[in-house]
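First the proteins, then the strands, lettered A, B, ... as listed; each starts at 1.
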There are 2 protein chains.
Amino acid sequence: MAQSDTVDRILDAAEELFAERGFSETSLRMITSKARVNLAAVNYHFGSKNALIHAVFGRFLTPFSATLENAFDELEARCGGNPPTLNQTLWALTESAVRMPQRNEKGISIFMRLLGLAYTQSQGHLRKFLELEYGEPFNRFMRLLKEATPQLSAVDRYWRIQFMLGATAFTMSSSDALQDILRNKLGVETTVQEIAARLVPFLAAGMQAPDALLVPPTSSKIPVA
Amino acid sequence: MAQSDTVDRILDAAEELFAERGFSETSLRMITSKARVNLAAVNYHFGSKNALIHAVFGRFLTPFSATLENAFDELEARCGGNPPTLNQTLWALTESAVRMPQRNEKGISIFMRLLGLAYTQSQGHLRKFLELEYGEPFNRFMRLLKEATPQLSAVDRYWRIQFMLGATAFTMSSSDALQDILRNKLGVETTVQEIAARLVPFLAAGMQAPDALLVPPTSSKIPVA
DNA sequence: ATGTGCGTCAAACGTATGTTTCAAACAGAC
DNA sequence: GTCTGTTTGAAACATACGTTTGACGCACAT
(Lines give C-alpha, C1' and ligand atoms only; values in the text may rest on other atoms or scores of the structure.)
Protein backbone atom coordinates (compact mmCIF):
# COMPACT_ATOMS: atom_id res chain seq x y z
CA MET A 1 0.00 0.00 0.00
CA ALA A 2 1.86 3.00 -1.38
CA GLN A 3 4.57 3.95 1.06
CA SER A 4 4.36 3.08 4.64
CA ASP A 5 1.32 4.16 6.51
CA THR A 6 3.38 2.78 9.36
CA VAL A 7 4.31 6.31 10.38
CA ASP A 8 0.69 7.37 10.68
CA ARG A 9 -0.38 4.24 12.47
CA ILE A 10 2.38 4.84 15.02
CA LEU A 11 1.35 8.47 15.45
CA ASP A 12 -2.31 7.54 15.88
CA ALA A 13 -1.58 4.90 18.47
CA ALA A 14 0.95 7.04 20.31
CA GLU A 15 -1.36 10.02 20.40
CA GLU A 16 -4.16 8.02 21.94
CA LEU A 17 -2.02 6.18 24.45
CA PHE A 18 -0.11 9.29 25.52
CA ALA A 19 -3.38 11.11 26.04
CA GLU A 20 -4.88 8.44 28.23
CA ARG A 21 -1.81 7.33 30.17
CA GLY A 22 0.84 10.02 30.01
CA PHE A 23 4.27 9.84 28.44
CA SER A 24 6.40 7.90 30.87
CA GLU A 25 3.61 5.45 31.52
CA THR A 26 3.33 4.58 27.83
CA SER A 27 5.98 2.23 26.52
CA LEU A 28 7.07 1.86 22.92
CA ARG A 29 5.91 -1.72 23.08
CA MET A 30 2.38 -0.64 23.93
CA ILE A 31 2.44 1.80 21.04
CA THR A 32 3.81 -0.60 18.46
CA SER A 33 1.50 -3.40 19.45
CA LYS A 34 -1.55 -1.13 19.33
CA ALA A 35 -0.40 0.13 15.94
CA ARG A 36 0.44 -3.44 14.86
CA VAL A 37 3.90 -2.50 13.69
CA ASN A 38 7.30 -3.78 14.63
CA LEU A 39 8.97 -2.42 17.74
CA ALA A 40 11.97 -1.18 15.80
CA ALA A 41 9.78 0.92 13.52
CA VAL A 42 9.57 3.76 16.04
CA ASN A 43 13.30 4.19 16.30
CA TYR A 44 13.66 3.70 12.56
CA HIS A 45 11.14 6.37 11.57
CA PHE A 46 11.45 8.82 14.44
CA GLY A 47 14.83 8.15 15.98
CA SER A 48 13.78 8.05 19.61
CA LYS A 49 10.78 8.08 21.90
CA ASN A 50 11.23 11.77 22.64
CA ALA A 51 11.28 12.55 18.93
CA LEU A 52 8.06 10.58 18.59
CA ILE A 53 6.48 12.72 21.30
CA HIS A 54 7.56 15.84 19.42
CA ALA A 55 6.11 14.44 16.21
CA VAL A 56 2.78 13.74 17.91
CA PHE A 57 2.59 17.34 19.09
CA GLY A 58 3.80 18.74 15.82
CA ARG A 59 1.13 16.92 13.85
CA PHE A 60 -1.73 18.81 15.46
CA LEU A 61 0.05 21.89 16.78
CA THR A 62 1.39 23.07 13.43
CA PRO A 63 -2.00 23.36 11.73
CA PHE A 64 -3.51 24.67 14.94
CA SER A 65 -1.02 27.48 15.32
CA ALA A 66 -1.63 28.47 11.70
CA THR A 67 -5.39 28.49 12.30
CA LEU A 68 -4.85 30.54 15.42
CA GLU A 69 -2.70 33.11 13.69
CA ASN A 70 -5.40 33.53 11.07
CA ALA A 71 -8.07 33.91 13.73
CA PHE A 72 -6.04 36.59 15.46
CA ASP A 73 -5.36 38.33 12.15
CA GLU A 74 -9.05 38.36 11.34
CA LEU A 75 -9.99 39.53 14.81
CA GLU A 76 -7.55 42.42 14.79
CA ALA A 77 -8.63 43.38 11.28
CA ARG A 78 -12.29 43.37 12.34
CA CYS A 79 -11.47 45.60 15.30
CA GLY A 80 -9.44 47.97 13.14
CA GLY A 81 -7.10 49.74 15.51
CA ASN A 82 -9.05 49.11 18.72
CA PRO A 83 -7.76 46.22 20.78
CA PRO A 84 -10.07 43.19 20.81
CA THR A 85 -12.03 42.59 24.00
CA LEU A 86 -11.20 39.85 26.45
CA ASN A 87 -14.21 37.80 25.37
CA GLN A 88 -13.31 38.13 21.72
CA THR A 89 -9.76 37.03 22.40
CA LEU A 90 -10.79 34.02 24.42
CA TRP A 91 -13.36 33.00 21.87
CA ALA A 92 -10.90 33.33 19.02
CA LEU A 93 -8.70 30.83 20.78
CA THR A 94 -11.55 28.50 21.63
CA GLU A 95 -13.02 28.53 18.16
CA SER A 96 -9.66 27.80 16.60
CA ALA A 97 -9.31 24.78 18.83
CA VAL A 98 -12.82 23.51 18.29
CA ARG A 99 -12.81 23.99 14.53
CA MET A 100 -9.63 22.10 13.91
CA PRO A 101 -10.22 19.26 11.48
CA GLN A 102 -10.45 16.19 13.67
CA ARG A 103 -9.10 12.77 12.85
CA ASN A 104 -11.91 11.21 14.85
CA GLU A 105 -14.58 12.08 17.36
CA LYS A 106 -12.14 11.94 20.23
CA GLY A 107 -9.79 14.26 18.40
CA ILE A 108 -10.29 17.43 20.32
CA SER A 109 -10.30 15.92 23.75
CA ILE A 110 -7.09 14.09 22.97
CA PHE A 111 -5.68 17.35 21.71
CA MET A 112 -6.61 19.13 24.94
CA ARG A 113 -5.45 16.38 27.16
CA LEU A 114 -2.07 16.33 25.46
CA LEU A 115 -1.66 20.06 25.92
CA GLY A 116 -2.55 19.71 29.57
CA LEU A 117 -0.05 16.93 30.00
CA ALA A 118 2.63 18.96 28.28
CA TYR A 119 2.14 21.67 30.82
CA THR A 120 1.73 19.40 33.81
CA GLN A 121 4.26 16.65 33.37
CA SER A 122 7.63 18.22 33.76
CA GLN A 123 9.17 16.84 30.58
CA GLY A 124 11.96 19.30 30.01
CA HIS A 125 12.57 18.35 26.41
CA LEU A 126 8.92 18.84 25.52
CA ARG A 127 8.66 22.28 27.00
CA LYS A 128 11.76 23.41 25.16
CA PHE A 129 10.44 21.98 21.93
CA LEU A 130 7.07 23.70 22.31
CA GLU A 131 8.56 27.05 23.28
CA LEU A 132 10.95 26.98 20.37
CA GLU A 133 8.41 25.83 17.83
CA TYR A 134 5.18 27.48 18.93
CA GLY A 135 6.19 30.30 21.23
CA GLU A 136 5.15 33.01 18.80
CA PRO A 137 1.35 32.51 18.72
CA PHE A 138 1.47 32.06 22.48
CA ASN A 139 3.19 35.40 22.94
CA ARG A 140 0.72 37.01 20.63
CA PHE A 141 -2.13 35.65 22.74
CA MET A 142 -0.49 37.09 25.82
CA ARG A 143 -0.17 40.48 24.17
CA LEU A 144 -3.86 40.46 23.24
CA LEU A 145 -4.75 39.59 26.83
CA LYS A 146 -2.70 42.51 28.04
CA GLU A 147 -4.40 44.95 25.71
CA ALA A 148 -7.80 43.59 26.68
CA THR A 149 -7.26 44.15 30.39
CA PRO A 150 -5.56 47.53 30.70
CA GLN A 151 -7.17 48.07 34.09
CA LEU A 152 -5.13 45.29 35.66
CA SER A 153 -1.73 45.87 37.16
CA ALA A 154 1.03 43.81 35.60
CA VAL A 155 1.24 41.63 38.68
CA ASP A 156 -2.49 41.02 38.91
CA ARG A 157 -2.69 40.24 35.22
CA TYR A 158 0.22 37.87 35.48
CA TRP A 159 -1.38 35.85 38.23
CA ARG A 160 -4.81 35.82 36.68
CA ILE A 161 -3.38 34.49 33.45
CA GLN A 162 -1.83 31.71 35.47
CA PHE A 163 -5.21 31.00 37.01
CA MET A 164 -6.78 30.83 33.57
CA LEU A 165 -4.13 28.53 32.23
CA GLY A 166 -4.52 26.37 35.29
CA ALA A 167 -8.26 26.03 35.06
CA THR A 168 -7.99 25.21 31.36
CA ALA A 169 -5.07 22.83 31.43
CA PHE A 170 -6.29 21.03 34.50
CA THR A 171 -9.83 20.61 33.26
CA MET A 172 -8.79 19.47 29.85
CA SER A 173 -6.10 17.18 31.11
CA SER A 174 -8.51 15.18 33.19
CA SER A 175 -11.51 15.64 31.00
CA ASP A 176 -12.13 11.98 30.32
CA ALA A 177 -12.14 11.08 33.98
CA LEU A 178 -14.32 14.07 34.78
CA GLN A 179 -16.75 13.21 32.04
CA ASP A 180 -17.02 9.71 33.44
CA ILE A 181 -17.91 11.08 36.86
CA LEU A 182 -20.43 13.43 35.34
CA ARG A 183 -21.99 10.65 33.33
CA ASN A 184 -22.26 8.42 36.36
CA LYS A 185 -23.32 10.94 38.98
CA LEU A 186 -25.49 13.27 36.97
CA GLY A 187 -26.32 11.16 33.96
CA VAL A 188 -25.23 13.83 31.51
CA GLU A 189 -23.20 13.63 28.35
CA THR A 190 -20.84 16.51 27.71
CA THR A 191 -18.92 17.54 24.63
CA VAL A 192 -15.73 19.51 24.59
CA GLN A 193 -17.62 22.36 22.95
CA GLU A 194 -19.96 22.52 25.92
CA ILE A 195 -17.10 22.49 28.36
CA ALA A 196 -15.45 25.31 26.48
CA ALA A 197 -18.71 27.23 26.45
CA ARG A 198 -18.82 26.94 30.23
CA LEU A 199 -15.16 27.62 30.74
CA VAL A 200 -14.89 30.88 28.79
CA PRO A 201 -17.45 32.83 30.86
CA PHE A 202 -15.85 31.54 34.03
CA LEU A 203 -12.43 32.72 32.90
CA ALA A 204 -13.69 36.06 31.65
CA ALA A 205 -15.49 36.75 34.92
CA GLY A 206 -12.47 35.81 37.00
CA MET A 207 -10.20 37.89 34.82
CA GLN A 208 -12.39 40.94 35.30
CA ALA A 209 -13.03 40.47 39.02
CA PRO A 210 -12.67 43.51 41.27
CA ASP A 211 -9.12 44.16 42.28
CA ALA A 212 -7.54 41.57 44.50
CA LEU A 213 -6.01 41.82 47.94
CA LEU A 214 -9.29 42.39 49.72
CA VAL A 215 -9.47 41.34 53.33
CA PRO A 216 -11.32 38.07 53.62
CA PRO A 217 -14.95 38.51 54.65
CA THR A 218 -14.58 36.36 57.73
CA SER A 219 -13.25 37.60 61.04
CA SER A 220 -9.89 36.27 60.00
CA LYS A 221 -6.50 37.81 60.27
CA ILE A 222 -4.66 36.33 57.32
CA PRO A 223 -1.60 38.36 56.45
CA VAL A 224 -2.43 39.47 52.94
CA ALA A 225 0.45 41.82 52.59
CA MET B 1 18.30 7.79 68.15
CA ALA B 2 15.05 6.55 69.64
CA GLN B 3 13.34 4.50 66.98
CA SER B 4 14.15 4.93 63.38
CA ASP B 5 13.81 8.32 61.88
CA THR B 6 14.42 6.32 58.73
CA VAL B 7 10.71 6.35 58.06
CA ASP B 8 10.53 10.13 58.27
CA ARG B 9 13.63 10.66 56.20
CA ILE B 10 12.14 8.46 53.49
CA LEU B 11 8.85 10.35 53.63
CA ASP B 12 10.60 13.72 53.45
CA ALA B 13 12.69 12.72 50.46
CA ALA B 14 9.81 11.01 48.69
CA GLU B 15 7.50 13.95 49.21
CA GLU B 16 9.96 16.38 47.71
CA LEU B 17 10.95 14.19 44.78
CA PHE B 18 7.39 13.20 43.94
CA ALA B 19 6.38 16.84 43.99
CA GLU B 20 9.07 17.95 41.62
CA ARG B 21 9.22 14.97 39.27
CA GLY B 22 5.99 13.00 39.50
CA PHE B 23 5.50 9.46 40.71
CA SER B 24 6.61 7.26 37.84
CA GLU B 25 9.60 9.47 37.16
CA THR B 26 10.86 9.10 40.71
CA SER B 27 12.63 5.83 41.46
CA LEU B 28 13.07 4.25 44.85
CA ARG B 29 16.79 4.60 44.38
CA MET B 30 16.52 8.36 44.01
CA ILE B 31 14.43 8.49 47.17
CA THR B 32 16.67 6.30 49.28
CA SER B 33 19.84 8.02 48.17
CA LYS B 34 18.38 11.46 48.86
CA ALA B 35 17.21 10.21 52.26
CA ARG B 36 20.56 8.47 52.81
CA VAL B 37 18.92 5.18 53.77
CA ASN B 38 19.22 1.74 52.32
CA LEU B 39 17.20 0.83 49.29
CA ALA B 40 15.51 -2.05 51.07
CA ALA B 41 14.20 0.23 53.79
CA VAL B 42 11.32 1.41 51.66
CA ASN B 43 9.95 -2.04 51.05
CA TYR B 44 10.65 -2.99 54.64
CA HIS B 45 8.82 -0.06 56.22
CA PHE B 46 6.11 0.57 53.65
CA GLY B 47 5.77 -2.66 51.72
CA SER B 48 5.76 -1.23 48.22
CA LYS B 49 6.24 1.96 46.26
CA ASN B 50 2.51 2.47 45.98
CA ALA B 51 2.12 2.16 49.72
CA LEU B 52 4.86 4.75 50.14
CA ILE B 53 2.91 7.12 47.91
CA HIS B 54 -0.16 6.57 50.07
CA ALA B 55 1.89 7.24 53.20
CA VAL B 56 3.22 10.49 51.76
CA PHE B 57 -0.31 11.68 51.13
CA GLY B 58 -1.59 10.43 54.44
CA ARG B 59 1.04 12.30 56.40
CA PHE B 60 -0.18 15.72 55.37
CA LEU B 61 -3.74 14.93 54.37
CA THR B 62 -4.81 13.49 57.72
CA PRO B 63 -3.99 16.58 59.80
CA PHE B 64 -5.22 18.80 57.03
CA SER B 65 -8.59 17.13 56.81
CA ALA B 66 -8.96 17.42 60.59
CA THR B 67 -8.11 21.13 60.44
CA LEU B 68 -10.54 21.55 57.62
CA GLU B 69 -13.38 19.82 59.46
CA ASN B 70 -12.82 22.15 62.41
CA ALA B 71 -12.82 25.19 60.15
CA PHE B 72 -16.09 24.09 58.60
CA ASP B 73 -17.59 23.36 62.02
CA GLU B 74 -16.65 26.80 63.22
CA LEU B 75 -17.92 28.46 60.07
CA GLU B 76 -21.29 26.74 60.21
CA ALA B 77 -21.61 27.51 63.90
CA ARG B 78 -20.88 31.17 63.27
CA CYS B 79 -23.51 31.29 60.55
CA GLY B 80 -26.06 29.54 62.73
CA GLY B 81 -28.54 28.00 60.35
CA ASN B 82 -27.81 30.18 57.31
CA PRO B 83 -25.55 28.57 54.76
CA PRO B 84 -22.10 30.18 54.61
CA THR B 85 -21.40 32.37 51.61
CA LEU B 86 -19.13 31.33 48.77
CA ASN B 87 -16.41 33.68 49.93
CA GLN B 88 -16.57 32.37 53.47
CA THR B 89 -16.35 28.79 52.28
CA LEU B 90 -13.39 29.46 50.03
CA TRP B 91 -11.60 31.36 52.74
CA ALA B 92 -12.17 28.61 55.25
CA LEU B 93 -10.46 26.21 52.91
CA THR B 94 -7.64 28.59 52.08
CA GLU B 95 -6.94 29.44 55.69
CA SER B 96 -6.86 25.80 56.65
CA ALA B 97 -4.29 25.14 53.97
CA VAL B 98 -2.15 28.16 54.72
CA ARG B 99 -2.19 27.65 58.46
CA MET B 100 -1.14 24.04 58.38
CA PRO B 101 2.06 23.57 60.32
CA GLN B 102 4.72 23.38 57.64
CA ARG B 103 7.73 21.15 57.74
CA ASN B 104 9.66 23.78 55.81
CA GLU B 105 9.13 26.90 53.76
CA LYS B 106 8.32 24.88 50.66
CA GLY B 107 5.69 22.92 52.56
CA ILE B 108 2.55 24.36 51.14
CA SER B 109 3.64 24.42 47.55
CA ILE B 110 4.73 20.79 47.78
CA PHE B 111 1.37 20.01 49.33
CA MET B 112 -0.47 21.67 46.47
CA ARG B 113 1.67 20.20 43.79
CA LEU B 114 1.11 16.71 45.14
CA LEU B 115 -2.62 17.22 45.14
CA GLY B 116 -2.46 18.40 41.57
CA LEU B 117 -0.41 15.40 40.55
CA ALA B 118 -2.82 13.06 42.29
CA TYR B 119 -5.59 14.48 40.18
CA THR B 120 -3.68 14.68 36.94
CA GLN B 121 -1.57 11.57 36.76
CA SER B 122 -3.91 8.72 36.19
CA GLN B 123 -2.68 6.58 39.07
CA GLY B 124 -5.74 4.47 39.72
CA HIS B 125 -4.60 3.20 43.08
CA LEU B 126 -4.01 6.71 44.38
CA ARG B 127 -7.39 8.00 43.44
CA LYS B 128 -9.08 5.07 45.10
CA PHE B 129 -7.00 5.57 48.21
CA LEU B 130 -7.82 9.27 48.43
CA GLU B 131 -11.51 8.80 47.81
CA LEU B 132 -11.73 6.08 50.41
CA GLU B 133 -9.69 7.90 53.02
CA TYR B 134 -10.54 11.56 52.56
CA GLY B 135 -13.77 11.60 50.62
CA GLU B 136 -15.78 12.91 53.53
CA PRO B 137 -14.31 16.40 54.00
CA PHE B 138 -14.25 16.75 50.24
CA ASN B 139 -17.93 15.95 50.01
CA ARG B 140 -18.64 18.38 52.80
CA PHE B 141 -16.81 21.11 50.90
CA MET B 142 -18.86 20.28 47.84
CA ARG B 143 -22.07 20.50 49.85
CA LEU B 144 -21.10 23.92 51.19
CA LEU B 145 -20.33 25.08 47.67
CA LYS B 146 -23.71 23.84 46.55
CA GLU B 147 -25.53 25.71 49.30
CA ALA B 148 -23.52 28.84 48.56
CA THR B 149 -24.43 28.83 44.88
CA PRO B 150 -28.09 27.82 44.72
CA GLN B 151 -28.50 29.78 41.49
CA LEU B 152 -26.31 27.37 39.55
CA SER B 153 -27.55 24.26 37.87
CA ALA B 154 -25.94 21.04 39.04
CA VAL B 155 -24.00 20.67 35.82
CA ASP B 156 -22.79 24.26 35.77
CA ARG B 157 -21.73 24.02 39.36
CA TYR B 158 -19.93 20.78 38.74
CA TRP B 159 -17.84 22.21 35.94
CA ARG B 160 -17.12 25.46 37.71
CA ILE B 161 -15.83 23.52 40.68
CA GLN B 162 -13.51 21.69 38.34
CA PHE B 163 -12.30 25.02 36.99
CA MET B 164 -11.64 26.24 40.52
CA LEU B 165 -9.74 23.12 41.47
CA GLY B 166 -7.73 23.43 38.29
CA ALA B 167 -6.75 27.04 38.77
CA THR B 168 -5.79 26.33 42.36
CA ALA B 169 -3.89 23.12 41.93
CA PHE B 170 -2.10 24.33 38.83
CA THR B 171 -1.06 27.67 40.30
CA MET B 172 0.09 26.29 43.59
CA SER B 173 1.81 23.35 42.05
CA SER B 174 4.10 25.48 39.95
CA SER B 175 4.30 28.38 42.31
CA ASP B 176 8.03 28.07 42.76
CA ALA B 177 8.69 28.38 39.05
CA LEU B 178 6.12 31.12 38.72
CA GLN B 179 7.58 33.07 41.59
CA ASP B 180 10.98 32.90 39.96
CA ILE B 181 9.57 34.36 36.76
CA LEU B 182 7.77 37.06 38.67
CA ARG B 183 10.87 37.95 40.60
CA ASN B 184 12.93 38.17 37.45
CA LYS B 185 10.47 39.86 35.11
CA LEU B 186 8.62 42.15 37.45
CA GLY B 187 10.98 42.38 40.38
CA VAL B 188 8.32 41.42 42.92
CA GLU B 189 8.37 39.04 45.84
CA THR B 190 5.26 36.99 46.43
CA THR B 191 4.17 34.80 49.30
CA VAL B 192 1.71 31.95 49.17
CA GLN B 193 -0.66 34.05 51.23
CA GLU B 194 -0.61 36.79 48.63
CA ILE B 195 -1.24 34.34 45.84
CA ALA B 196 -4.19 32.98 47.77
CA ALA B 197 -5.47 36.51 48.31
CA ARG B 198 -5.43 37.02 44.54
CA LEU B 199 -6.80 33.61 43.73
CA VAL B 200 -9.90 33.65 45.91
CA PRO B 201 -11.52 36.73 44.29
CA PHE B 202 -10.75 35.27 40.88
CA LEU B 203 -12.45 32.02 41.80
CA ALA B 204 -15.41 33.69 43.46
CA ALA B 205 -15.99 35.89 40.42
CA GLY B 206 -15.77 32.96 38.04
CA MET B 207 -18.05 30.90 40.21
CA GLN B 208 -20.67 33.63 40.18
CA ALA B 209 -20.37 34.52 36.52
CA PRO B 210 -23.61 34.90 34.55
CA ASP B 211 -24.97 31.62 33.39
CA ALA B 212 -22.93 29.82 30.82
CA LEU B 213 -23.82 28.66 27.33
CA LEU B 214 -23.99 32.15 25.92
CA VAL B 215 -23.38 32.55 22.24
CA PRO B 216 -19.88 33.87 21.70
CA PRO B 217 -19.77 37.60 21.05
CA THR B 218 -18.15 37.18 17.67
CA SER B 219 -20.02 36.37 14.49
CA SER B 220 -19.39 32.74 15.15
CA LYS B 221 -21.65 29.75 14.95
CA ILE B 222 -20.15 27.39 17.46
CA PRO B 223 -22.52 24.59 18.36
CA VAL B 224 -22.88 25.23 22.07
CA ALA B 225 -25.75 22.85 22.54
C1' DA C 1 18.99 -10.63 -14.40
C1' DT C 2 21.08 -7.85 -11.15
C1' DG C 3 22.32 -4.65 -7.95
C1' DT C 4 20.63 -0.82 -4.84
C1' DG C 5 17.74 1.43 -1.09
C1' DC C 6 14.29 1.31 1.76
C1' DG C 7 11.34 -0.76 5.05
C1' DT C 8 10.36 -4.70 8.07
C1' DC C 9 11.33 -8.37 11.17
C1' DA C 10 12.90 -11.27 15.24
C1' DA C 11 16.31 -11.15 18.40
C1' DA C 12 19.40 -9.31 21.34
C1' DC C 13 21.73 -5.44 23.85
C1' DG C 14 22.62 -2.71 28.06
C1' DT C 15 20.44 -0.37 31.62
C1' DA C 16 17.13 0.79 35.21
C1' DT C 17 13.38 -0.47 37.70
C1' DG C 18 10.66 -2.60 42.02
C1' DT C 19 11.28 -6.21 44.96
C1' DT C 20 13.52 -10.04 47.69
C1' DT C 21 17.06 -12.28 50.21
C1' DC C 22 19.88 -13.25 54.07
C1' DA C 23 23.52 -12.11 57.03
C1' DA C 24 25.06 -8.62 60.22
C1' DA C 25 24.14 -4.98 63.69
C1' DC C 26 21.40 -3.25 67.03
C1' DA C 27 18.06 -2.49 70.82
C1' DG C 28 16.00 -3.62 75.25
C1' DA C 29 14.35 -7.44 78.69
C1' DC C 30 15.64 -10.84 81.65
C1' DG D 1 25.95 -11.64 79.22
C1' DT D 2 22.51 -13.72 76.59
C1' DC D 3 18.62 -13.99 74.16
C1' DT D 4 14.84 -12.04 71.00
C1' DG D 5 12.73 -9.28 67.90
C1' DT D 6 13.55 -5.30 64.98
C1' DT D 7 16.14 -2.56 61.74
C1' DT D 8 19.93 -2.01 58.42
C1' DG D 9 23.38 -3.56 54.79
C1' DA D 10 25.14 -5.24 50.30
C1' DA D 11 23.92 -8.03 46.82
C1' DA D 12 21.10 -10.32 43.82
C1' DC D 13 16.57 -11.19 41.66
C1' DA D 14 13.31 -10.99 37.72
C1' DT D 15 11.25 -7.94 34.73
C1' DA D 16 10.54 -4.03 31.71
C1' DC D 17 12.34 -0.44 29.32
C1' DG D 18 14.53 2.26 25.03
C1' DT D 19 17.59 1.19 21.62
C1' DT D 20 20.57 -1.40 18.25
C1' DT D 21 21.66 -5.03 15.23
C1' DG D 22 21.85 -7.78 11.08
C1' DA D 23 19.37 -10.68 8.12
C1' DC D 24 15.51 -10.66 4.94
C1' DG D 25 12.02 -9.12 1.37
C1' DC D 26 10.58 -6.18 -1.97
C1' DA D 27 10.28 -2.52 -5.44
C1' DC D 28 12.59 -0.32 -9.16
C1' DA D 29 16.48 1.47 -12.17
C1' DT D 30 20.03 -0.11 -15.00
Euclidean distance, atom CG of residue A:L39 to atom P of C:dG14 [Å, nearest integer]: 17 Å

Separation of atom CG in B:N38 from atom P in D:dG9, rounded to whole Å: 5 Å

B:R36 CZ - D:dG9 P separation (whole Å): 11 Å

B:Y44-B:T6 side chain donor-acceptor pair, cut-off 3.5 Å: no

Mutual orientation of the aromatic rings belonging to A:F57 and A:F23 [parallel < 30°, tilted 30-60°, perpendicular > 60°]: tilted

5' priority, DNA chain C, between B:N50 and A:A40 [closest heavy atom]: A:A40

SB check A:R127 A:E131 (cutoff 4.0 Å): no

Sugar-phosphate only, base, or nothing, as touched by B:S24 at under 4.0 Å among non-hydrogen atoms: nothing

Nearest-angstrom distance from the residue atom CD1 of B:I53 to C1' of C:dT17: 14 Å

Atom-pair distance (CD1 on B:I31; C1' on C:dT19), nearest Å: 14 Å

Presence of A:T6 side-chain N/O under 4.0 Å of C:dG7 phosphate oxygens OP1/OP2: no

Side-chain N,O (B:S27) to OP1/OP2 (C:dA16) below 4.0 Å: no

Integer-rounded Å distance: C:dT17 P and B:L17 CG: 12 Å

B:Y44 OH - D:dT7 P separation (whole Å): 4 Å

Carboxylate-amine/guanidinium contact A:E16 A:R21, below 4.0 Å: no

Nucleotide of D:dT7, C:dA12, C:dG7 approaching A:R29 most closely (side-chain heavy atoms): C:dA12

Distance test, side-chain N/O of A:H45 to OP1/OP2 of C:dC6, below 4.0 Å: no

Whole-Å distance separating the CD atom of A:E25 from the P atom of D:dC17: 12 Å

